[in-house]
Amino acid sequence: MSLVALWFGVWLAAPPTVPGEIDHEPRDPLIYGGEDIDPGEWPAVVAVRTSKLCTGTLIAPDLILTAAHCFDPEPVADVRIYFGDDLATGNEVSSSEWGRHPDFCLPADCGEDLHDFAWVRLPAPVAIEPIIPITDPLEFDEVMRAGTQLWFVGYGEDESAVVGTKREVLASLTSFNESGREFRAGGGGKDTCLGDSGGPALVQLGSGEWRLAGVISRGGACGEGGIYGVPLPELCWLRDDSGTDLLPAGCEQCDCVMLNGEQPDEGCDCELVPVAPERAPSWWLVVLELGVIAGLGLWLRRGRAC
């Protein structure tokens with residue numbers, strides 16, 4: 001069984017801890033956990049309203065990063081961005097300028113690496129400090145590993161089916177797919193849910209600074225964990241498509257932001273040390289296949305947009 005097939009199985013059943021391995025049996029459905037934010041907390045996290053309710057992150061004074069599937073179908077009117085603690089009291093800004101990753105695809109078509117990213121340009125910069133993505137491979141190596149604690153923030157559904165209030169929950173990164181472009185995080189009742197699509201998984205560096213580590217793409221039953229896209233290898237697309245350049249100095253050719261040997265690192269002062277995939281014991285593959293069959297009805301669902 002190929003690793004692509006294994007990662008496609010994650011969409012249907014349980015995720016691996018490292019490429020080709022399974023960390024546990026599928027958990028029983030639990031609540032999503034978390035709590036309402038303190039007033040004014042995480043101001044860079046915003047609600048994004050297309051034909052769906054999603055979440056996004058201010059990564060530059062006038063640019064929001066969110067998920068591509070929030071723009072499928074394409075909105076027929078302006079995109080509405082809400083700043084604040086909830087949709088009822090938040091400040092609304094409208095925008096007609098947005099872009100979606102051209103390689104975005106559905107799991108049924110590509111299995112993994114969905115390139116589930118989109119951006120929205122605000123009509124004017126806002127006086128809010130952005131939370132930039134991880135742009136330095138050294139920062140990536142510092143924090144992006146299994147067990148890292150991440151904060152999920154979004155306006156999505158809670159365990160009482162309430163939508164539109166900004167909430168937060170602390171959970172762990174559990175696995176990467178083979179390319180390193182997607183990771184699995186959350187579970188055990190601490191998770192994102194419908195309406196959180198495009199929202200952030202936030203990580204704190206040793207320096208105390210916050211970074212956008214991932215963008216929520218999809219998941220199974222709320223509470224059992226989700227799959228997040230890694231912004232780092234998408235920074236060249238973001239620069240070329242939106243005009244906002246977050247690449248580190250000396251990385252104009254984008255060779256500093258490749259992951260797991262996608263391309264040799266040459267021409268800059270950055271270095272990524274790829275993690276070699278580990279091969280799963282054959283009996284785990286039997287468990288995975290059984291999990292795919294048992295979990296088909298549970299895991300096959302749309303992305304986490306309302």
Original post:
Pairs in or reaching into residues 142-153: which pass salt bridge (charged side-chain N to carboxylate O under 4.0 Å, His left out), with residues at least two apart or in two chains?
Top reply: none

**OP:** Return yes if some donor-acceptor pair links the side-chain N/O of S95 with the main-chain N/O of R121 below 3.5 Å, else return no.
**Re:** yes

**OP:** Only counting residues at least two apart or in another chain, list the ones meeting ring-ring contact (aromatic ring centres under 6.0 Å, His included) with H101.
**Re:** H115, W237

**OP:** Nearest 0.5 Å please: distance from the CG atom of L63 over to the CD1 atom of I132.
**Re:** 13.0 Å

Original post:
Is L212 reachable from F176 through a run of I, L, V, M, F, W or Y residues, each pair having side-chain heavy atoms under 4.5 Å apart?
Top reply: yes

Original post:
What's the shortest heavy-atom distance between S197 and A67, and which atoms?
Top reply: C-CB, 4.3 Å

**OP:** Rounded to the nearest 0.5 Å, what's the gap from CG on N177 to CG on D113? Could you check?
**Re:** 5.0 Å

**OP:** Mind checking the CG-CG spacing from L235 to D240? Nearest 0.5 Å is all I need.
**Re:** 11.0 Å

Subject >> Note, T55 side chain near I216 side chain (heavy atom, < 4.5 Å) >> reply: no

Original post:
Sequence neighbours excluded, which residues qualify as ring-ring contact (aromatic ring centres under 6.0 Å, His included) partners of F117?
Top reply: none

**OP:** Can you see which heavy atom on T174 is nearest to which on A185, and at what distance?
**Re:** OG1-N, 4.0 Å

Original post:
Can you find a heavy atom in the side chain of E97 that is under 4.5 Å from one in the side chain of W119?
Top reply: yes

Original post:
What residues form a side-chain contact (heavy atoms from CB on, under 4.5 Å) with V126, not counting sequence neighbours?
Top reply: L58, F83, L122, I128

Original post:
Would a hydrophobic clustering, with Ile, Leu, Val, Met, Phe, Trp and Tyr connected at side-chain separations under 4.5 Å, put L246 with V120?
Top reply: no

**OP:** Measure the OG1-CZ distance between T57 and R211 for me, rounded to the nearest 0.5 Å.
**Re:** 13.5 Å

Subject >> Hphob cluster co-occupancy, I37 + V203, side-chain heavy atoms under 4.5 angstrom >> reply: yes

Original post:
For Y155, does its backbone N or O pair with a side-chain atom of D196 as donor and acceptor, under 3.5 Å?
Top reply: yes

Original post:
For the atom pair CG (L247) and CD (Q253), what is the distance rounded to the nearest 0.5 Å?
Top reply: 10.5 Å

**OP:** Check C256 against P137 and note the closest heavy-atom contact, atom names and distance.
**Re:** O-CG, 2.8 Å

Subject >> V46 side chain reached by V93 side chain, heavy atoms, under 4.5 Å >> reply: no

Original post:
Do any N or O atoms from the side chain of E157 and from the backbone of A161 form a donor-acceptor pair under 3.5 angstrom?
Top reply: no

Original post:
Has the side chain of K52 got a donor or acceptor atom that lies under 3.5 Å from a matching backbone atom of H69?
Top reply: yes

**OP:** For residues T148 and F183, determine if any side-chain heavy atom of one lies less than 4.5 Å from a side-chain heavy atom of the other.
**Re:** no

Original post:
Between V257 and L238, is there a shared hydrophobic cluster once you connect ILVMFWY residues whose side-chain heavy atoms come closer than 4.5 Å?
Top reply: yes

Original post:
Which pairs, with at least one residue in residues 69-101 and sequence neighbours excluded, count as a disulfide bond (SG atoms under 2.5 Å apart)?
Top reply: C54-C70

**OP:** Kindly indicate whether the side chain of L173, heavy atoms from C-beta on, has any atom under 4.5 Å from the side chain of Y228.
**Re:** no

Subject >> Flag for S217-D116: side-chain donor and acceptor within less than 3.5 Å >> reply: yes

Original post:
Do other residues, nucleotides or ligands put more than 12 heavy atoms under 6.0 Å from the CD atom of E129?
Top reply: no

**OP:** Write down the atom of G56, the atom of V48, and the distance for their closest heavy-atom approach.
**Re:** N-CG2, 3.8 Å

**OP:** Answer whether the closest heavy-atom distance between the side chains of D72 and R100 falls below 4.5 Å.
**Re:** yes

Original post:
So do W42 and L202 actually touch side chain to side chain, heavy atoms under 4.5 Å?
Top reply: yes

Original post:
Linking I/L/V/M/F/W/Y whenever their side-chain heavy atoms sit closer than 4.5 Å, directly or via other members, would F104 and F71 fall into one cluster?
Top reply: no

Original post:
What's in the same ILVMFWY side-chain cluster as V162, cut-off under 4.5 Å, chained through other members?
Top reply: none

Original post:
Between E112 and R181, does at least one N-O distance fall below 4.0 Å, as a salt bridge requires?
Top reply: no

Subject >> Identified side chain to side chain donor-acceptor pair (under 3.5 Å) partner of T89 from the options D85, N91, D86 >> reply: D86

**OP:** Check G226 against D191 and note the closest heavy-atom contact, atom names and distance.
**Re:** N-OD1, 3.6 Å

**OP:** Working to the nearest 0.5 Å, report the span between CG of L53 and CZ of R80.
**Re:** 10.0 Å

**OP:** Please name the pair of heavy atoms, one in Q204 and one in V143, separated by the smallest distance, quoted to 0.1 Å.
**Re:** O-CG1, 4.1 Å

**OP:** Using a 4.5 Å cut-off on heavy atoms from C-beta on, say whether the side chain of D136 contacts that of P248.
**Re:** no

